[in-house]
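This report concerns only the one structure given below.
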2 protein chains.
Amino acid sequence: MNVRLQNPRQGSFSFDLEHGAEPDPMRYDDTHKQHTRQRLLQASAAVLKAQGFSATGVDRLMQAAGLSGGALYAYYPSKNALLAAVVENEVLSGHSRLTPERGSVTESLRHLLRQYLSLSHVQHPELGCLLPALAAELSRAPQDVQALLDRANELFVAHWAPRLGSRTDAQFLITQLVGSVLLARMSNDPERQREILNASKQKLTDMFLAPGRLPEPV
Amino acid sequence: MNVRLQNPRQGSFSFDLEHGAEPDPMRYDDTHKQHTRQRLLQASAAVLKAQGFSATGVDRLMQAAGLSGGALYAYYPSKNALLAAVVENEVLSGHSRLTPERGSVTESLRHLLRQYLSLSHVQHPELGCLLPALAAELSRAPQDVQALLDRANELFVAHWAPRLGSRTDAQFLITQLVGSVLLARMSNDPERQREILNASKQKLTDMFLAPGRLPEPV
DNA sequence: GTCTATACTACGATAGAC
DNA sequence: GTCTATCGTAGTATAGAC
């Protein structure tokens, strides 16, 4: 099911997230295909986040990567398999983008709130987090995709739980972040969007950045 | 654009939310069509919430109301117009379903949390709130629909703001509610779903139902 | 590895019978 | 008011040339 590797490699290549066999026994020592695959993943991620999964055809997805529609099936056996790969890619890169691992807890939490709860995040879904952008479609995704989402959620919670004090706090935080961007996007009034974002920013700051709440000083 | 009413009527009938003219000049004194319209609204709301908008064809929507696909266009000029009508209908009925207007603030907030943050809400989107069920698709909906969503949001915020103390608190609450159900649905592990719901329930209870926080006694 | 062409299905919407 | 039939388009996926 998985392609045999001729060169040793770091990550996992399992794109066989829900389907049976890989149709194309192409060797993996070809770097061209790997680069194109990466371009495909990023380009289609942007389109998917902007337009949604069901509403976007394969042609549109591939066009964004500079390829024709039929070329998809040299990489993935189906549109659904591409989604799974995009989710995996986005969810990992998104996490590292938002949690810098450097600086104090206070600093990195402030950073997270400022970035995630920004107007520009609301107004540019194609550049932002996958979760609010694909929201309900992910809640109907096949098991394999949902398992990836569980891992992503766990990554976030495991990161923030010790920093905030409990898993409950960390879970509450991520929920509020995703909900805020989602609700803000449901409005087309920037004033309303701002109100929604600011409500979250203010209350989360009160909760987690109040003096004495966190280990380090402000 | 709007059909002339031969009998006086209570509500507004404006389904012309984004389109030009009503194609069918049928009279509104026919109660059959009104009842069927209501059935259509409720049936398609359930299907839309379960399957999503783009992923569901007109045939499937009408079938749920016991009608053939073509019959839609005797009621609405397009699939999009049906969505607008469903959103209007759901958003108003959803609000009154969740805010009983009876009992103390403490009681009704407890009621809201118990209902909205329940496992059964997570596992039965077709019976639940429209917002997490159509989530991102609503964030891409046409202006008319988003204006309805603004009104719905405002209804909720205006209701809870005086009861919780501020608009900020009310806005924070609705955001957390929608986000919780959405994130819980992205998992297919009931244990994970429960963790997400409980984190929200617990923190929101701490925030808004702590002794002395609200006017009335517990 | 990618394209063009195409098979097949589904879609949204309209026309006309009843 | 509703159905059946149908038009035109767009969808996913495959086949075969290069």
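So you know, we letter chains A, B, ... as the sequences are listed, proteins then strands, and number each from 1. As a basis for the values below, the full set of heavy atoms in this structure was taken, side chains included, without hydrogen atoms, waters or symmetry mates.
Between B:Arg60 atom CZ and C:dA13 atom P there is a gap of 18 Å when expressed in whole angstrom units. Separating the CG atom of B:Leu72 from the P atom of C:dA13 is a distance of 8 Å, rounded to the nearest angstrom. Remark: C1' of C:dC11 and CG of B:Leu61 are 13 Å apart, rounded to the nearest angstrom. If you take CG of A:Asp59 and P of D:dT14, they are 15 Å apart, rounded to a whole angstrom. The distance between atom NZ of B:Lys33 and atom P of D:dG1, rounded to the nearest whole Å, is 5 Å. In this structure, the CE atom of A:Met62 is 12 Å from the P atom of D:dA13, given to the nearest Å. In this structure, B:His35 places its NE2 atom 18 Å from C1' of D:dT2, rounding to the nearest Å. For the pair B:Tyr76 OH and D:dT2 C1', the computed distance is 16 Å after rounding to whole Å.
Nearest nucleotide to the side chain of B:Tyr75, out of D:dT2, C:dT4, C:dG1: D:dT2. Nearest to the side-chain atoms of B:Leu67 among the listed nucleotides C:dA13, D:dA13, D:dC3 stands D:dC3. You'll find that the side chain of A:Val58 is closest to D:dT12, out of C:dT4, D:dT12, D:dT2. Closest to the side chain of A:Ser78, out of C:dT4, D:dA13, D:dG1, is D:dA13.
For the residue pair B:Gln171/B:Asn153, the side-chain donor-acceptor check at 3.5 Å is satisfied. A donor atom on one side chain and an acceptor atom on the other are found under 3.5 Å apart for A:Gln176 and A:Ser200.
One finds a salt bridge joining B:Arg192 and B:Glu195 here, because a Lys/Arg side-chain nitrogen approaches an Asp/Glu carboxylate oxygen to under 4.0 Å.
Within 6.0 Å of atom CZ in B:Arg60, 12 or fewer heavy atoms from other residues, nucleotides or ligands are found, so the atom counts as exposed in its surroundings.
Using a 4.0 Å cut-off, some side-chain N or O of A:Lys79 falls inside it from OP1 or OP2 of D:dT12. Considering only side-chain N and O atoms, A:Thr36 lies under 4.0 angstrom from the phosphate OP1 or OP2 of C:dT2. For A:Tyr73 and D:dT14, the shortest distance from a side-chain N or O to OP1 or OP2 is not below 4.0 Å.
Nucleic acid contact class of A:Thr56 (heavy atoms, under 4.0 Å, all strands): sugar-phosphate only.
In terms of heavy atoms, B:Lys49 sits closest to B:Glu90 at NZ-OE1, 2.8 Å.
Residue order along DNA chain D, read from the 5' end via each residue's closest nucleotide, puts A:Ala55 first among A:Gly70 and A:Ala55.
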